[in-house]
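These numbers come from a predicted model, not from an experiment. Whatever order the structure lists them in is the order used to number ligands and atoms, beginning at 1.
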Amino acid sequence: MTTTPSTAALTATIDLGAIAHNVGVLRASSGTDVIAVVKADAYGHGAVEVARAALGAGAAELGVAHITEALALRRAGIDAHITSWLHAPSADFAGAVAAGIDIAVSSPRQLDAVVAAARSSGVTATVTVKVDTGLNRSGVAVDEWDSMAVALAKARAEESITMRAAMTHLVRGDEPDHPLNSRQADRLDAAAADLARLGTAPQVVHLANSPAALVRPDLARDLVRPGIALYGRSPLPDRGDFGLIPAMTLTGEISLVKRVTKGQGVSYSHTWTAPHDTVVAVIPAGYADGIPRTMSGRFEVLVNGRRFPAIGRVCMDQFVIDLGPEGGGVAEGDLAELFGRGDRGGVTAADWADATGTIDYEILSAVRGRTARRYVGGSGEQPHG
Ligand SMILES: *Cc1c(COP(=O)(O)O)cnc(C)c1O
């Protein structure tokens, strides 16, 4: 994606003021410091810009999945604490050690690789241990925990590593009152106690993702690790929006307005046929840009304050809306809001998720292709673009 929007047909406007506001909401609800999770290019919002805005608003640290993501933030001049927690054996551990990235390790093999990188560079690696407390995905497996704890203590004793944190990830974060959440916290506390007994206590412990950060302050420990709430989407829509502000608004420029007569079909396979003479408009955004094809004919967009239905297939590059017999006063060049805050009659990323049987995480992080990003609301700057 590009950040020079002037000639782009499709624009994701990112409100950095909303990001800053949401950091404040999360700090208040959790009563502790925030690791802003900016993996996957900040859920499609742009990792560097979001990281700067979140840190500027008081986020203490950053979290990403891959080392490549952490190194990209460093290259952009961001010197905050960054934890990276998902590694393939080919990952650039040496680069991460050299850049001072906190490497969360999930196995003795990963720890060995980090220790080797630290030894060969002569730099002490900063390490977090990712403990599997039930998710059975990443994290140190239960049967490897004892040997892992001993290996961590040994690596620390020989000063190959600094033991920064113990972390885990919740299985049922989106069911915040499920008893498994507290059990996972207990298991993490026990792991941290094991490390302390071996003389290698972690400096901090963290497990809470967005829903826990909002409604389970008792799970907060030293830091919380929210992602989706940072972007203003409620992880618990049944409980409200928690005062979060959605940061992304996706808009497309109407590229063509034309008449279609009764009985004519629109878009591939003519899955929609005009029930009467009408006016349609083409929006140059398709599944290659993150508009799910499965949403064909099942969503509405907002143009000049009015909603119009999408009709026919969503194609790779474009889809069509029905403006009605009078054309709805819509002209080529007008902007269609595809999703946004949902506060002026438009729809949200959550509505798209509901329409396609997924979650808004997937909708936001799928925005891509030819979409330009435009940033507004940054501290001290005028909205631009
Ligand atoms: C993605 C991720 C998060 C953030 O989760 P949200 O549900 O978006 O708040 C936190 N921790 C880990 C380990 C993650 O992978």
Do me a favour and list the nearest non-hydrogen protein atom to [atom] with residue, atom name and distance?
atom	answer
atom 10 (C) of ligand 1	Arg225 O, 3.3 Å
atom 8 (O) of ligand 1	Tyr43 OH, 2.5 Å
atom 15 (O) of ligand 1	Lys39 NZ, 2.6 Å

- Message: Using side-chain hydrogen bond (donor to acceptor under 3.5 Å, both in side chains), reason through His206 and Arg221 one step at a time and then give a plain yes or no.
- Response: CA-CA 6 Å; His206 47 85; Arg221 303 299 182 271; over 6 Å; no

Taking only heavy atoms of [X], which atoms of ligand 1 are found under 4.0 Å from at least one of them?
X	value
Tyr361	6 (P), 7 (O), 8 (O)
Pro226	9 (O)
Ile228	6 (P), 8 (O), 9 (O)

- Short N/O distance, under 3.5 Å, between Lys130 and ligand 1? no

- Short N or O distance, Gly227 and ligand 1, threshold 3.5 Å exclusive: yes

Does a salt bridge link [X] with [Y], judged by any charged N lying under 4.0 Å from a carboxylate O?
X	Y	value
Arg344	Glu337	yes
Arg239	Asp174	no
Arg119	Glu159	no

- Task: Verify the distance criterion only: is there a donor paired with an acceptor across the side chains of Arg313 and Thr271 at less than 3.5 Å?
- Result: no

- Task: Apply the side chain to side chain donor-acceptor pair (under 3.5 Å) test between Arg341 and each candidate in Asp241, Thr249, Asp15; give the one that qualifies.
- Result: Asp15

- Note on the structure: So for Ser210 against ligand 1, with non-hydrogen atoms under 4.0 Å, the contacting part is both

- Query: Do any pairs count as a ring-ring contact (aromatic ring centres under 6.0 Å, His included) and have a residue in residues 288-316, sequence neighbours left out, and if so which ones?
  - Reply: Phe299-Phe319, Phe299-Trp352

